[in-house]
Amino acid sequence: MMKKSTKVIAMMMIGIFLCMLDTTVMNIALPAIQTGLNTDLTHLSWALNIYTVLFASLAIPLGRLADVWGRGRMYLIGLGLFGIGSLTSGLSLSVGLLITGRAIQSIGAAIVFPASMTIGIQSVALSRRTGVIASLGVMQGLAAALGPTIGGAVTQFWGWRGIFLINVPLVAVALCGCIAWLSWRHPSHGQAKLDLGGSALVMTTLLALTLVLVKGNDWGWTSRIVLSLGVTSALTLIAFVWMEAHVSAPMVPLALFKDRQFNCAALATVLSGVFMVGLLVLMPSFFTKVQSKTELMAAIMITPASMMIFIFSPISGFLLAKLGARRVIFSGSLAMATGYGVLSLMSPSQYWQFALAALLVGAGYGTIIGPITVLAAGDFTGELLTASQSVIGVFRQIGTSLAVAIFVSALAANLTTAKTQIRTYATTTVTTLSIPKKAKRDTLRVVDHQLATEQTAQMVHEPITAAKARRLVAANYMQVLKARSLQSAPVRIKAQIHQLVAQKVHSQVKHTNQRIRTAASAIKAKTKIELTAAFMRPYQVAWPFTLLLMMTTWCFAGRERKSGKPS
């Protein structure tokens with residue numbers, strides 16, 4: 001029969017899976033949600049960003065609240081909130097209600113994530129601890145990586161509401177399991193109390209920082225609001241560190257940052273998250289917008305990365321004890337760096353080349369994510385263990401936010417340049433055509449519309465349809481009759497004139513459409529080249545920076561010391 005601790009860990013895995021899945025599951029469904037709620041992307045982006053912003057800013061204080069009030073109780077509250085938020089999001093009829101549902105989800109996730117790590121770790125004996133930490137860490141990385149795949153599949157078959165509603169039965173299972181198997185005895189903390197000043201400062205710091213990262217591109221990196229938020233984040237961080245050094249019950253014990261392995265794990269968490277999410281955030285859009293794939297096909301095309309995380313995460317946890325942190329994390333970093341090398345040099349039209357890059361990046365991330373979760377926990381116990389998981393969870397969200405900020409901002413700038421070049425090329429190509437001026441204007445109007453709406457994969461248009469041709473025949477026929485004063489001519493003469501006019505017009509239409517088709521094909525080819533370059537350039541620029549991830553390897557202790565200092 002399954003042990004009680006194993007059942008508890010399974011419930012914690014469900015909680016972690018839900019929290020991390022919803023950081024990425026919504027991305028690929030944005031076009032469907034935009035259509036379904038009849039809203040614009042600017043408002044809809046808040047439904048995406050509110051989850052990251054609140055999750056990152058509330059995880060530490062709510063993790064500390066769980067220490068004081070009881071992790072089991074808080075975990076149930078967190079699960080309940082997450083379920084209510086999921087149901088609200090799935091049934092929302094307006095973007096405002098969707099944002100509200102996502103906000104409730106994120107508050108629940110900020111409770112569930114740190115509590116699930118701590119409850120799972122403390123449910124087993126010390127001898128089994130490393131394996132449990134690695135398993136919970138694997139679930140974090142795998143859920144985030146599977147988000148686009150699951151989002152694409154669910155959206156394709158059940159609609160965008162399904163990506164939220166599928167959470168509800170999982171929450172119900174976890175709630176029932178937790179009620180049955182969690183221990184409700186909470187150790188006394190005597191006069192333990194919340195560090196309210198520290199809570200306010202850390203929430204302000206993280207709220208300002210994540211707002212800068214997720215909205216900097218939209219608001220402008222040098223705008224007054226972004227610069228003000230940046231300064232606010234820096235000042236409140238300084239004040240927070242000073243306060244935590246002087247209070248008796250700090251929100252984040254600074255002793256965490258005296259542990260070398262914890263610091264290295266935090267740095268590796270951020271950097272590996274940046275490069276992993278960088279792959280997931282751009283390529284689905286590339287496949288749908290540039291290569292005209294469906295959301296489901298785009299999701300399937302990036303699954304090699306998720307598959308390798310699933311395979312390599314448990315292997316790396318086993319190798320950590322055999323080889324030590326330095327060798328294992330170096331192997332993962334090297335695989336990710338090689339994957340980015342393939343991304344920067346590949347021909348995107350050859351899917352096997354992207355698949356190879358995804359396999360390498362996924363294998364590298366899977367090799368890193370298990371060990372750094374173990375190393376972040378070190379030998380901490382009690383409140384230090386909870387704090388370590390809350391802080392690492394925040395660093396994971398910062399890595400995700402950084403990836404979105406860096407890669408999406410770079411892509412936005414590249415797309416602006418690409419669209420300018422496409423418009424210039426289209427203008428030059430169409431202007432030189434020996435076709436009527438109106439046909440030129442119509443063709444360029446279509447190009448402008450397709451660029452504005454990013455329907456760039458189609459970029460082919462015949463401005464003179466059969467209906468237009470008939471109208472041209474009628475107009476030209478009337479002009480000829482009027483010019484030659486033949487309005488009163490016999491029907492037979494008019495029929496002959498109409499036939500001659502029709503032959504001439506159809507010949508001109510055929511000639512014009514052939515020229516436009518040739519020009520449209522050239523514009524489409526140019527568009528694909530420019531947009532492909534716009535999507536690939538961020539990976540080319542990022543490739544050298546993967547060396548930073550490889551350099552973190554040397555921060556970790558060698559094989560002779562694999563864990564942090566006892567708390």
Side-chain angles (χ1 to χ4, degrees), residues 23 49-67 106-107 109-111 113-114 193-217 219-274 277 372 376 380 383-384 386-406 409 548 552 555 564:
T23 61
N49 297 330
I50 196 74
Y51 189 89
T52 301
V53 170
L54 291 182
F55 192 169
S57 57
L58 295 177
I60 293 176
L62 291 179
R64 174 61 179 157
L65 183 63
D67 279 343
S106 64
I107 296 170
I111 298 171
F113 180 80
K193 58 181 181 179
L194 285 174
D195 174 14
L196 296 179
S199 298
L201 287 171
V202 75
M203 284 192 288
T204 303
T205 300
L206 293 169
L207 181 63
L209 176 61
T210 48
L211 274 174
V212 167
L213 293 177
V214 300
K215 298 299 291 182
N217 188 59
W219 292 340
W221 294 103
T222 57
S223 64
R224 181 176 298 177
I225 186 171
V226 168
L227 292 176
S228 299
L229 285 168
V231 171
T232 300
S233 180
L235 292 177
T236 51
L237 176 61
I238 293 169
F240 172 72
V241 172
W242 182 87
M243 177 170 285
E244 297 305 276
H246 292 84
V247 296
S248 57
M251 175 63 55
V252 177
L254 298 184
L256 286 176
F257 298 98
K258 295 178 181 178
D259 186 276
R260 172 181 168 182
Q261 300 285 63
F262 178 82
N263 292 331
C264 298
L267 182 59
T269 296
V270 172
L271 291 175
S272 61
V274 166
V277 176
I372 60 177
F380 299 134
E383 293 176 3
L384 275 180
T386 302
S388 72
Q389 296 310 302
S390 298
V391 173
I392 286 296
V394 168
F395 278 118
R396 189 182 297 279
Q397 290 302 308
I398 289 173
T400 299
S401 300
L402 269 175
V404 173
I406 293 168
S409 298
L548 292 175
T552 62
C555 298

Check: Minimum heavy-atom separation for Ala376 to Ser388, with atom names?
Finding: O-CB, 3.7 Å

Margin query: Assess the residue pair Met243 and Val247 against the criterion (side chain to side chain contact (heavy atoms under 4.5 Å, CB included)); give the C-alpha distance rounded to whole Å, side-chain angles, the decisive distance to 0.1 Å, and a yes or no.
Written below: CA-CA 6 Å; Met243 177 170 285; Val247 296; 3.7 Å; yes

Next item on the list: Kindly indicate, with the supporting measurements, whether the criterion side chain to side chain contact (heavy atoms under 4.5 Å, CB included) is fulfilled by Leu267 and Phe395.
Entry: CA-CA 8 Å; Leu267 182 59; Phe395 278 118; over 6 Å; no

Notebook entry, point to check: What are the two closest non-hydrogen atoms of Ser57 and Leu207, and how far apart are they?
Noted result: CB-N, 3.8 Å

Next item on the list: Identify the heavy atoms of Ala403 and Val274 that sit nearest to each other, and give their distance.
Entry: CB-O, 3.4 Å

Margin query: So, taking the atom named CD1 in Ile398 and the one named CG in Leu206, what distance separates them when rounded to the nearest 0.5 Å?
Written below: 5.5 Å

Item checked: From CG (Leu227) to CH2 (Trp219), nearest 0.5 Å -> 12.5 Å

Next item on the list: Evaluate the side chain to side chain contact (heavy atoms under 4.5 Å, CB included) criterion for residues Thr204 and Phe240: first the C-alpha distance (whole Å), next the side-chain angles of each, then the deciding distance (0.1 Å), finally the verdict.
Entry: CA-CA 10 Å; Thr204 303; Phe240 172 72; over 6 Å; no

Next item on the list: Hey, could you give me the CG/CG distance between Leu256 and Leu384, rounded to the nearest 0.5 Å?
Entry: 5.5 Å

Item checked: Shortest non-hydrogen contact between Gly63 and Pro114, atoms and distance -> CA-CG, 4.1 Å

Next item on the list: Mind checking the CD1-OG1 spacing from Ile372 to Thr269? Nearest 0.5 Å is all I need.
Entry: 3.5 Å

Item checked: Closest heavy-atom pair and its distance - Pro61, Met203 -> CG-CG, 3.6 Å

Margin query: Testing the basics here: between Ser106 and Ile50, what is the closest heavy-atom pair and its distance to 0.1 Å?
Written below: OG-O, 3.9 Å

Notebook entry, point to check: Leu211 and side chain to side chain contact (heavy atoms under 4.5 Å, CB included): which partner among Ile225, Leu229, Thr232, Thr52?
Noted result: Leu229

Next item on the list: Quick one: pull up SG in Cys555 and CG in Asn263 and give me the separation to the nearest 0.5 Å.
Entry: 9.0 Å

Checklist line | Any donor-acceptor N/O pair, Ser233 side chain to Ala208 backbone, under 3.5 Å | finding: no

Checklist line | Interatomic distance, Trp242 atom CH2 to Leu201 atom CG [nearest 0.5 angstrom] | finding: 10.5 Å

